[in-house]
Amino acid sequence: MATKQDLRQIPFFAELDDPVIDAISRRLQREHYHKGAIVFAEDEPGDCMYIIESGQVKIVSDKAGREKIYNYLGPGNFFGEMALLLGEKRSATVRVVIDADLLVLRQHDLEELLQQHPAIALMMTRELGRRLGRSQQSPILREEFNIVAAMGRAAPTLARHLAHVTGEEVCLFDLGGLANVTLNQHALAQANVALVRGHLSDTENLAGELSRLVDQFYWVLLCIAPYETPLTLKAMELADITVQVGDAEPEWLKSIAPKGLWSADANDKSIQRLARRIAQRVVGIALSSGNARGMAHIGVLRVLEQEGIPIDMIAGTSAGAVFGSLYAAGQSFEQIIEFAADIQNKYNFLSGIRFWDFRLPPRTGLIKGNMVLSYFRKVLNQKTFDDLSIPMYIIACDLISGEEIVFDRGPVADAVRASMSVIGVLEPAPVAGRFLIDGGSVNPVPTQLLADRGANIILASSVIPSLEDRLHRRELKREGKLPNVIGIIMGAMEIMESEIIRTRMGPVDVLISPNIARYGTFEYDKVNEFVQRGEEAARAQLPTIRQLFAPRPRKPLRA
């Protein structure tokens, strides 16, 4: 049974009186579900509703053979109520994304509660209205790219990487694209790649031949010639996607690829990234805001690199933008740690006096931020987003409109300066007619952005203490005095960010949470401890992360 105190922590019950809360708490039962578990399936009878106490679920439909994702729901949300109230079958499947504790209310209990306490019906009506407004967005459709038209001499390398990523045999179907490529068929076979030679003049029968291949193989790479022929154009028409691997893109290809064009440089990392994109194993990591605690992101990234966990894109807010951009710019971990160790000198208003351009008297912030911007331009070597070795997205907030602003082009340093502009401390960053502030005020852990940009495996490193962690820290530090003005501002930001994470965090496959709540906002002298905590948290999650990359062999998609 859920206690009244438990329910009070859930926004869903915030406005109800104590007698109503007591009545509900006596009837709710708590159930625990592990990641991947199905709470209920589409078309099952609806005999109960669920309230999410902790964790995350997604609402999906599998009827069409491809998963359509309608919504992600986190703590404080409820689901299953419509089938229960209307006596109908379930309209969707609910699958657990993060281990979840659910509060279950059975049909007969709900009917009695509605009769005794009409306020519950009003509360549900309001929530349903809000949810209806959010449900107008189109569902996410998961596309397959198992037939690929590949142009370029590095197509065999792509086939080998695709076989490695998926654990499945890949068919390399030569339609003239490998005429000048020396192939070692034995090495290909050992890499789980089968070479098949096509008939270069038989355009009419290509579809039939391809249908036989996809009955045998799930993945088929159509190796096409780098010039326009009827066969090349027909192969591109039949493929799910066209890719250019290793060689320069012909001008005609950019405008004629009927279903989109992806490309990769000749280097191995770029081709591996393309293979993961085809296999829908693109890996994104979100790095949270967090001031000094953000140094723990260094340890997380170092462990992932040491363990061979690929990172195809990064989204960062505030401190996450700082350390994510350094990593994406190709700096070594020794360089990044050296940068972090120097921050304590910069944040000391005496030793770092030349780093701070104070605004006296303060108007829109204590610090103008011009010197901060100059410093980051130097550290990042004036790089733009196009210069980064890993695609990077940086979050800021428009002070006037409250909009979330995503940087993915232009100078990286300008984006970092905007993302870390804490209200009252750094003046808002003027960018393209906008005044931008700390991205943590709208999206402290930007996982949804990664999903929107095509990430299929989403990792998150969050160093923002939860409200429970803050209470625990207060017990550890009974100083009996208020922090200074900047400490108050930072504390208020943390409370707001933790609430955003609790109620509106986007999809995430693995959440890495370094144990850093005991440390203060400005303990920049603890860089080694922060890095160590990040490493410990990442290593603890490695078994779960590796499961996401485990090959999942399957039968051919199309017969």
Side-chain angles (χ1 to χ4, degrees), residues 2 10 12 24 27-115 120-121 123-144 146 218 280 448 451 456-458 505-509 547-548 552-559:
I10 300 175
F12 182 76
I24 295 173
R27 296 174 183 270
L28 287 173
Q29 298 296 320
R30 184 180 286 106
E31 295 181 357
H32 184 76
Y33 291 82
H34 290 288
K35 177 182 172 64
I38 294 177
V39 182
F40 57 70
E42 199 167 356
D43 292 330
E44 285 183 354
D47 59 353
C48 60
M49 64 174 287
Y50 297 81
I51 301 162
I52 305 173
E53 188 178 39
S54 64
Q56 189 182 60
V57 303
K58 61 179 178 179
I59 315 299
V60 304
S61 174
D62 297 312
K63 277 189 172 180
R66 293 181 179 180
E67 184 181 76
K68 291 183 180 180
I69 303 174
Y70 294 114
N71 204 0
Y72 286 89
L73 299 178
N77 285 282
F78 63 98
F79 59 91
E81 73 291 336
M82 293 304 295
L84 177 60
L85 293 172
L86 301 178
E88 297 178 347
K89 293 182 178 180
R90 304 293 191 188
S91 61
T93 296
V94 177
R95 187 173 290 116
V96 176
V97 178
I98 300 176
D99 287 2
D101 286 312
L102 305 180
L103 303 176
V104 187
L105 186 62
R106 307 294 173 186
Q107 185 173 20
H108 64 276
D109 291 318
L110 177 61
E111 290 172 350
E112 291 182 9
L113 285 169
L114 291 175
Q115 291 177 0
I120 297 175
M123 171 194 66
M124 294 182 67
T125 301
R126 289 175 178 170
E127 179 61 22
L128 287 172
R130 288 193 291 267
R131 188 173 299 179
L132 181 62
R134 295 193 297 264
S135 66
Q136 299 304 314
Q137 300 177 353
S138 300
I140 301 169
L141 178 62
R142 184 181 178 88
E143 296 182 274
E144 297 286 350
N146 59 306
Y218 186 87
Q280 299 195 68
Q448 183 62 58
N456 311 112
I457 297 174
I458 299 177
M505 187 170 175
V508 58
D509 293 294
Q547 287 178 4
L548 300 174
R552 298 187 293 269
R554 54 195 157 185
K555 294 180 180 178
L557 178 67
R558 303 170 185 174

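Computed from a predicted model, the values in this text were never measured in an experiment.
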*Nearest 0.5 Å, what's the CD-SG distance between E31 and C48?*
7.0 Å
*Atom CD of E44 and atom OG1 of T93: how far apart are they, to the nearest 0.5 Å?*
7.5 Å
*asked:* Any side-chain to backbone donor/acceptor pair from R90 onto G80? Under 3.5 Å, distance only.
replied: yes
*Between Y33 and I38, which heavy-atom pair has the shortest distance, and what is it?*
CE2-O, 4.4 Å
*Indicate the atoms forming the closest heavy-atom contact of V60 with E42, along with that distance.*
O-OE1, 4.4 Å
*CZ of R106 to CD of E112: how many Å apart, nearest 0.5 Å?*
14.5 Å
_Sole candidate of I51, L102, V104 that passes side-chain contact (heavy atoms from CB on, under 4.5 Å) when paired with L28_ = I51
*asked:* To the nearest 0.5 Å, what is the distance between CG on L548 and CG on N456?
replied: 11.0 Å
*Beyond-backbone contact of L105 with L113, side-chain heavy atoms, under 4.5 angstrom*: yes
*asked:* Once rounded to the nearest 0.5 Å, what's the spacing between atom CG of L110 and atom CG of D47?
replied: 12.0 Å
*Quick one: salt bridge (Lys or Arg N to Asp or Glu O under 4.0 Å) partners of D43, sequence neighbours excluded?*
K63
*Taking all atoms of both residues into account, what is the closest heavy-atom pair of V94 and I59, and its distance?*
CG2-CD1, 3.5 Å
_Do F78 and L103 have side chains that approach each other closer than 4.5 Å (heavy atoms only, starting at C-beta)?_
no
_Please verify the inter-ring angle class for F40 with Y50; under 30° counts as parallel, over 60° as perpendicular, anything in between as tilted._
tilted
*Listed partners of E111 passing side chain to side chain contact (heavy atoms under 4.5 Å, CB included), at least two apart*: Q107
